[in-house]
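Counting starts at 1 for both ligands and their atoms, in listed order. Only this structure's heavy atoms are used, side chains among them; waters, hydrogens and symmetry mates stay out. Each residue takes its place number in the sequence, starting with 1. Note that this is a predicted model, so its numbers are computed, not measured.
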Amino acid sequence: MRAYGFTEVGGPEKEGFLDVPVPDPGPGELLVRVRAAGVNPGDWRLREGSYGVLGPAVLGREVAGTVTAVGSDVDGFSVGDEVFGGCPGMVGGWAEQALVTASFAAHRSDAVPPEMAAVLPVAAGTAHDALRNLGLRAGATLLVNGAGGGVGIPVVQLARAWGITVVGVASPAKHDLVAGFGAIPVAYGDGLLDRVRAAAPGGVDAVFDLVGGEALRTVAGLVADRSKLLSVADKPLVRELGGRDVERDRSTAVLTGLAELVASKALDPRVTRVRPLDEAGEALAEVENGHVVGKVVLVP
Ligand SMILES: NC(=O)c1ccc[n+]([C@@H]2O[C@H](COP(=O)([O-])OP(=O)(O)OC[C@H]3O[C@@H](n4cnc5c(N)ncnc54)[C@H](OP(=O)(O)O)[C@@H]3O)[C@@H](O)[C@H]2O)c1
């Protein structure tokens, strides 16, 4: 079958279409005919070797599709089911057929289109888990660094629904979007901390960083209690600063809950672009650029 991936670790020049066999579902796995697949920064990080996958490998860590085969030790899923979920080993989604981890998969109802379901496991799932990890109460204030991106958009919406005040750091072009989801938008760059103090005169109770590097260093000092400093963009630096990475709960229950929120229109993952699989390279370049709005999706 046709799939998009990389031949060896490196830059975009290592990407291309691969002719690979249809995988066999192992224990705890489903095989699905892919209807839609999410594009994430983790895909180019994987190609660059951050996760130890040397290639050749098919990119794509989350999909929605129709179950075509079920591995052993799987309960609750059958051939023909419409599902969405995460791919084993964070690879294999950008293809006509892909494996999905059954324990990190859920049924998809007609109320949630495949393009929306496909982007829930990584970005919205991380947003959900970050809020759970932080354990903030209603009335607390959370700063989201990178509020207009794939993870930022769901975290703003979930936090607002949980009664949390959100200060959303984003470029001015995304301020209307971020404000539309109920956050107080703040531009990054010189004077950021003054703008945050003006937006949240009582201070912030927690920081969730989606950018890393100097942008993380700048906002880290806003929380004295470093157990309330989280980043998924720069794990070494957040640990150095006394904070932590998000502990993921890759479960069917979390995905089912997120899909119910989408179905009831309480959560919009904001899919801004749907491209054919033929344009996988362009889609990944768009995300690798680091300033994409919302989510990009591939359709085989
Ligand atoms: N579980 C995990 O480990 C996990 C899961 C998901 C994501 N991640 C990581 O988390 C990060 C974010 O993922 P994502 O999907 O949300 O990426 P994304 O869609 O690219 O969003 C990142 C956002 O940061 C904004 N940004 C860039 N520079 C900034 C700065 N200096 N200050 C504030 N905002 C800035 C960008 O937009 P503007 O500059 O246009 O405002 C963009 O909206 C990535 O590094 C990804 O690999 C990790």
Side-chain angles (χ1 to χ4, degrees), residues 38-51 59-62 86-87 90 104 118-133 143-158 166-179 181 183-193 195-196 199 207-220 222 230-239 243-251 254-255 258 269-273 283-297:
V39 181
N40 290 285
D43 296 309
W44 63 260
R45 290 178 191 269
L46 184 108
R47 185 206 65 219
E48 289 199 335
S50 297
Y51 309 120
L59 288 164
R61 55 188 55 201
E62 56 181 357
C87 304
M90 303 186 294
F104 189 31
V119 302
L120 296 178
V122 176
T126 300
H128 169 277
D129 296 345
L131 288 175
R132 276 279 165 80
N133 287 186
L143 180 128
V144 179
N145 204 28
V151 180
I153 287 172
V155 87
V156 167
Q157 294 172 76
L158 294 173
V166 182
V167 177
V169 183
S171 53
K174 292 178 178 166
H175 282 195
D176 284 351
L177 175 76
V178 167
F181 289 126
I184 305 164
V186 168
Y188 53 86
D190 287 349
L192 168 63
L193 295 181
R195 287 189 291 280
V196 172
V207 166
F208 182 29
D209 168 70
L210 299 160
V211 186
E214 279 311 303
L216 164 57
R217 222 179 259 286
T218 303
V219 296
L222 288 165
L230 290 189
S231 177
V232 283
D234 197 335
K235 296 171 190 185
L237 180 59
V238 77
R239 286 192 201 112
R244 59 201 165 114
D245 179 18
V246 170
E247 194 178 319
R248 293 295 320 269
D249 173 5
R250 295 184 173 88
S251 68
V254 168
L255 293 184
L258 291 169
R270 197 46 71 101
V271 174
T272 51
R273 196 190 280 270
L284 187 54
E286 204 175 355
V287 170
E288 193 163 354
N289 167 284
H291 299 282
V292 75
V293 183
K295 294 301 302 176
V296 178
V297 170

Just checking Asp176: does its CG atom have more than 12 heavy atoms from other residues, nucleotides or ligands closer to it than 6.0 angstrom?
no
Looking only at protein heavy atoms, which one is nearest to atom 25 (C) of ligand 1, and what is the separation?
Gly146 CA, 3.9 Å
Exercise: identify the closest heavy-atom pair between Gly38 and Asp43:
O-OD2, 4.0 Å
Decide whether the shortest distance between a heavy atom of Val246 and an atom of ligand 1 is less than 4.0 Å.
no
Quick one: pull up CG in Asp129 and OG in Ser251 and give me the separation to the nearest 0.5 Å.
7.5 Å
Considering only heavy atoms, which of Leu210, Val219, Ile153, Val169 lies nearest to atom 11 (C) of ligand 1?
Leu210
Heavy atom of the protein closest to atom 26 (N) of ligand 1 (residue, atom name, distance)
Val211 CG2, 3.9 Å
Salt bridge or not between Arg45 and Glu48? Use side-chain N to carboxylate O under 4.0 Å.
no
Would you name the heavy atoms of Gly150 and Ala123 that are closest together and state the gap between them?
O-CB, 3.3 Å
Just jot down the ligand 1 atoms closer than 4.0 angstrom to any heavy atom of Thr126, in number order.
1 (N), 5 (C), 6 (C)
Kindly compute the distance separating CG (Leu131) from CG (Leu158), expressed to the nearest 0.5 Å.
6.0 Å
Among Gly290, Gly149, Pro185, Gly152, which residue places a heavy atom closest to atom 36 (C) of ligand 1?
Gly290
Using a 4.0 Å heavy-atom cut-off, which part of Val232 comes near ligand 1: side chain, backbone, both, or neither?
both
Lys235 and ligand 1 - part of the residue with a heavy-atom distance under 4.0 Å:
side chain
Sub-4.5 Å side-chain heavy-atom contact between Leu230 and Arg244
yes
If you scan protein heavy atoms around atom 18 (P) of ligand 1, the nearest is Gly150 N, 3.9 Å
What residue and atom, counting heavy atoms only, is the protein's closest point to atom 46 (C) of ligand 1, and at what distance?
Pro41 CB, 3.7 Å
Atoms of ligand 1 close to Ser171 [distance to a heavy atom under 4.0 angstrom, numbered from 1]
38 (P), 39 (O), 40 (O), 41 (O)
With rounding to the nearest 0.5 Å, note down the distance linking NZ in Lys174 to CD1 in Ile153.
7.5 Å
Show the atoms of ligand 1 that are less than 4.0 angstrom away from any heavy atom in Gly148.
43 (O)
Among all protein heavy atoms in this structure, tell me which lies nearest to atom 37 (O) of ligand 1, with the distance rounded to 0.1 Å.
Lys174 NZ, 2.7 Å
Of all heavy-atom pairs between Asp190 and Arg195, which one has the smallest distance, and what is that distance?
O-NH1, 2.9 Å
Quick check: does Asp245 get an N/O under 3.5 Å from an N/O on ligand 1?
no
Protein heavy-atom partner closest to atom 27 (C) of ligand 1 - residue, atom, separation in Å:
His291 CE1, 3.8 Å
How close do Val151 and Ala127 get, heavy atom to heavy atom, and via which atoms?
O-CB, 3.9 Å
Pick one of side chain, backbone, both or neither for how Val293 approaches ligand 1, counting any non-hydrogen atom pair under 4.0 Å.
neither
Under 4.0 Å, heavy-atom basis, I'd like to know which part of Arg248 is in contact with ligand 1: side chain, backbone, both or neither.
side chain
Among Phe208, Tyr51, Tyr188, Trp44, which one has a heavy atom closest to atom 35 (C) of ligand 1?
Tyr188
Once you round to the nearest 0.5 Å, how far does CG of Asp249 lie from CG of Leu255?
9.0 Å
Report the part of Ala215 (side chain from C-beta onward, or backbone N, CA, C, O) that has a heavy atom under 4.0 Å from ligand 1; answer both or neither where that applies.
side chain
With heavy atoms of Val292 as the reference, note each atom of ligand 1 found under 4.0 Å away.
19 (O), 43 (O)
Suppose I only count heavy atoms of Ala233 and a 4.0 Å limit; which atoms of ligand 1 are within that range?
11 (C), 45 (O)
Looking at Val211 and Asn145, what are the two nearest heavy atoms and their distance?
CG2-O, 3.5 Å
Can any side-chain N or O of Arg273 pair as donor or acceptor with the backbone N or O of Glu286 at less than 3.5 Å?
no
Of all protein heavy atoms, the one nearest atom 16 (O) of ligand 1 is Val151 N, 2.9 Å
Who's the nearest protein heavy-atom neighbour of atom 45 (O) of ligand 1, and how far?
Arg45 NH2, 2.5 Å
For Val238, is there any backbone N or O sitting under 3.5 Å from a side-chain donor or acceptor partner on Ser231?
no
Ligand 1 contact by Ala170, heavy-atom criterion under 4.0 angstrom:
yes
